[in-house]
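I have placed the structure first, in the form of structure tokens, so that the comments after it can refer back to it.
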Amino acid sequence: MAFRQIFLSLKKSKLLLLLLAVFFVKQLFMVAIFPMFQGPDEPVHYATIQNSANRLLDISQKKASNVISTEDMADKNNDKKNYPKYSEEISNVYNLVGVSRVSFHSRSTQIFSSGMNGKNEDEVKNNNWKKGGGKDIVADLPGYYFFPSCIEKILSKCNIFIRFFGTRIFSIFLGILIILFSYLSAKKIGFDDNISILLTALIGFQPIFSQSAAITNYDIMLVFAFSLFIFGSIWILKNGLNWKNISLLIFSIFLGIFTKAPAIVLPIVFYFLMAYFIKNHYKINTKKIVIGFIVTTLFLILSVKFLFPNNYFASTIPDINSSRLVSINKYISTTMDRWDWSELSYWGNFGWLDTAISSWIVNLAHWIEIAGILGIIAYFFFPKKVPEFLPKKKYIWFLIGIFLGLQFAIRFADWNHFNNTGKIEIGTPGRYFIPVIFAQFSLIVIGIGMLARKYSVWKNILKILALGMIMLWIYSVLIIIIPRYYL
Amino acid sequence: MKYLKLNYILIFLFLIFIGIIFCKFFNTLTFSDSSLNFEGDGGKQEKLYPNAQIIQKITATENNLNQIDISINKFSADFGEKIVLEIADENCGETIAQSKIDAFTWNSPGYEKLRFKTIPDSKDKTYCLKITYIPFGKEQDKKAYISSYPNEGSSYINTGKSIEEQKNRTLKLKPAYENGSNWQNFSELSDRMSQYKPDYLKGIYLKTLFILSFIFIMLLVVAVIFV
């Protein structure tokens with residue numbers, strides 16, 4: 001039903017098709033804008049892709065020759081600590097392209113020559129350097145790396161520019177799917193076609209989401225996993241459980257967990273969702289379901305903690321003692337100053353967080369967010385005055401739940417690291433919060449709808465916001481990113 | 001009818017804002033000398049004393065010199081104060097061009113871009129740059145700094161400190177040049193963007209992608225306004 005709905009939506013909504021086409025073209029342009037390895041952590045992600053591609057290559061060769069390579073032996077013995085950071089190819093390209101000259105140096109660019117070819121381009125193209133053999137950024141999390149490593153493998157005869165930018169283009173396709181599922185989620189939640197398109201346009205032109213969907217980084221797969229999960233959850237909330245939506249949810253949870261740690265939020269939200277479903281389906285009263293929920297939760301936490309002490313999930317469950325509480329206090333006072341930095345990097349601090357938009361834009365976005373929050377508060381305080389065109393309460397609780405869940409998970413991981421090292425090392429750059437962009441923007445849209453009261457006023461405000469977001473994207477590209485890297 | 005009017009107003013406003021962004025974009029298309037490298041050891045901060053000049057000579061490597069990018073640190077311009085750049089002839093006599101940055105044109109944390117009237121035949125000519133910080137009212141004690149780096153053959157004088165020449169050092173500044181027309185500037189930008197890119201994102205493909213992106217976006221804007 002829902003999969004058919006995807007194709008029906010495309011057929012029905014020409015506007016959606018136009019939006020997807022525009023998204024593809026402008027993202028392709030964005031792929032070209034960022035110089036090589038200037039996306040956050042791009043060299044290490046690409047190094048991991050190369051290693052994964054090598055493993056794919058090894059598997060096919062081993063099948064043919066039944067021989068185990070020395071690198072494979074090293075893998076087996078977990079002897080990776082002596083590996084260089086990058087492969088020979090990435091290290092050489094890194095130096096020849098002048099990556100370190102640009103990253104974190106907002107007043108420095110590559111050295112340009114006259115004409116279309118860089119000074120060292122021929123040397124980079126015509127080499128026989130070893131691909132792969134560097135360190136992986138994450139071990140055993142193939143969620144994102146599988147498809148880019150297939151691209152790397154298929155294009156293995158081509159030069160590194162074709163291969164590397166090929167993996168960036170893969171991110172565009174994930175971005176398109178995210179846009180599509182955002183539109184479908186908006187429709188399922190109860191927005192009409194026009195509002196769904198406006199909301200989807202807001203997401204599609206958000207500058208940091210656009211950057212994520214144009215670089216080589218596993219963040220975009222995490223956003224995709226969250227988008228699938230949100231769509232599946234809304235489907236369950238609307239139509240109840242069926243094998244299709246439950247499979248989608250389980251798939252998205254596994255995809256997320258095999259991509260990046262913040263996906264731990266997904267099984268937790270799933271757990272709440274199931275409790276809600278059991279309560280409604282079996283008509284159990286609230287008292288019983290709350291007690292049952294608490295007992296089951298404690299049982300699950302203790303089981304994970306004591307039966308599997310070395311498990312990743314167990315390591316994230318802290319021992320509560322006084323020193324930890326002091327540490328939480330210290331952490332909160334240390335990170336309060338970083339709030340603005342997170343906000344700025346959510347709305348537009350590009351590359352290696354050295355290319356920021358003007359702060360007044362962030363302040364303006366702040367006011368719009370505040371208006372949305374006020375509207376959501378009004379929604380709960382004045383239930384009789386909720387306009388009919390707004391979604392039902394259960395969807396709003398779900399969106400708030402997943403939004404806060406990710407906030408909590410990221411800050412918890414940041415604190416956990418702070419607690420162990422005494423330093424803020426992971427931090428909370430804005431792009432970490434992009435996976436719940438649909439929830440955040442939907443809540444703002446609903447909040448504004450509550451304040452607007454009339455459908456036509458609401459729609460016009462959303463049009464203005466969508467145009468504002470398109471302008472923000474154009475401004476970011478033409479006035480911020482291009483001058484930073486090329487002038 | 002009212003509704004239609006609002007849609008046209010939105011299109012009109014959007015076109016104005018986009019026009020402003022594009023004007024600013026084409027206006028910023030001036031190309032600094034990317035070969036100048038100021039990283040490494042030996043860097044120090046040179047203080048800009050209020051109303052006193054820092055003077056350095058530079059030789060232009062291209063024609064159409066129209067901007068000097070200066071790295072100014074620990075400072076952001078408040079209302080009324082400004083940093084003035086004068087470009088004089090080789091003997092630091094006659095002023096050829098002038099530029100200033102103030103609270104409205106401040107660009108931190110990147111280079112401050114001091115734009116002036118294009119000097120068409122600048123290639124291989126030496127110019128004398130005079131940089132002055134002009135404070136406003138009580139802000140006399142405010143500090144502004146320019147980084148300086150070792151560089152064989154360059155020198156500058158910080159007249160606020162002494163008239164002694166700082167030999168074999170250069171201020172952190174880059175001359176920038178434009179081309180004859182907006183299209184030529186756009187082509188040079190396209191050339192720079194094409195470097196270290198795959199063939200399918202180079203040259204004519206890149207230019208087409210650039211133009212196509214904005215045509216498509218305009219189509220979407222019209223569609224969004226009339227939903």
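Each chain gets a letter, A, B and so on, in the order the sequences are listed, and its residues count up from 1. Note that the coordinates shown come from a computational prediction; the quantities given were computed from them, not determined experimentally.
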Quick one, [X] and [Y] - any side-chain contact, counting heavy atoms below 4.5 Å?
X      : Y      : answer
B:R192 : A:T109 : no
A:N120 : B:Y196 : yes
A:F112 : B:E188 : no
A:I162 : B:Y200 : yes
A:Q110 : B:S34  : no
B:I18  : A:Y475 : no
A:F161 : B:D199 : no
B:Q195 : A:N117 : no

Sort by residue number and list every residue of residues 168-180 of chain B having at least one heavy atom under 4.5 Å from chain A.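 Under the 4.5 Å heavy-atom cut-off, B:K172, B:K174 qualify.
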Need one label for [X]: side chain, backbone, both or neither, based on atoms under 4.5 Å from any heavy atom in chain A.
X      : value
B:T30  : backbone
B:L189 : side chain
B:I20  : neither

Which atoms of [X] are under 4.5 Å from chain B, going by heavy atoms: the side chain, the backbone, both sets, or neither?
X      : answer
A:R101 : side chain
A:A466 : side chain
A:T355 : neither
A:I470 : side chain
A:I169 : side chain
A:F34  : backbone
A:K125 : side chain

Distance (rounded to the nearest 0.5 Å) between [X] [atom1] and [Y] [atom2]:
X      : Y      : atom1 : atom2 : result
B:F210 : A:I33  : CZ    : CD1   : 8.0 Å
B:T28  : A:L487 : OG1   : CG    : 5.5 Å
A:L467 : B:L10  : CG    : CG    : 6.0 Å
B:K197 : A:M36  : NZ    : CE    : 10.0 Å
A:L28  : B:L209 : CG    : CG    : 4.5 Å

Heavy-atom count check: over 12 atoms from other residues, nucleotides or ligands less than 6.0 Å from [X] [atom1]?
X      : atom1 : answer
B:F116 : CZ    : yes
B:K44  : NZ    : yes
B:K130 : NZ    : yes

Among [options], single out the residue with the greatest number of heavy-atom pairs under 4.5 Å to chain B.
options                        : value
A:W473, A:F165, A:F164, A:Y485 : A:F165
A:A21, A:P483, A:P35           : A:A21
A:G115, A:S114, A:S358, A:S108 : A:G115

If we define contacts as heavy-atom pairs under 4.5 Å, which of B:L219, B:I215, B:L201 has the most with chain A?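 Going by pairs under 4.5 Å, I would pick B:L201.
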Enumerate by number any residue of residues 198-205 of chain A whose heavy atoms lie under 4.5 Å from heavy atoms of chain B; in the absence of such residues, state 'none'.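 Interface residues of residues 198-205 of chain A: A:L198, A:F205.
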What heavy-atom pair brings [X] and [Y] nearest, and what distance separates the two atoms?
X      : Y      : answer
B:N7   : A:K463 : OD1-NZ, 3.0 Å
A:K26  : B:I217 : CB-CD1, 4.4 Å
B:V227 : A:N194 : CB-OD1, 3.8 Å
B:D191 : A:M116 : OD1-CG, 3.4 Å

Selection residues 203-214 of chain B - residue pairs positive for side chain to side chain donor-acceptor pair (under 3.5 Å), sequence neighbours left out: B:S187-B:K207
Worked verdict on B:F25 versus A:I482 for side-chain contact (heavy atoms from CB on, under 4.5 Å): CA-CA 9 Å; B:F25 169 67; A:I482 289 179; 4.2 Å; yes
Between B:F14 and A:I464, is a side-chain contact (heavy atoms from CB on, under 4.5 Å) present by the stated rule, with each step listed? CA-CA 9 Å; B:F14 185 82; A:I464 293 168; over 6 Å; no
Counterpart residues, side-chain contact (heavy atoms from CB on, under 4.5 Å), relative to A:S345 (two or more places apart): A:N349, A:L353, A:P429
How are the rings of A:F29 and B:F214 set to each other: parallel, tilted or perpendicular (split at 30° and 60°)? perpendicular
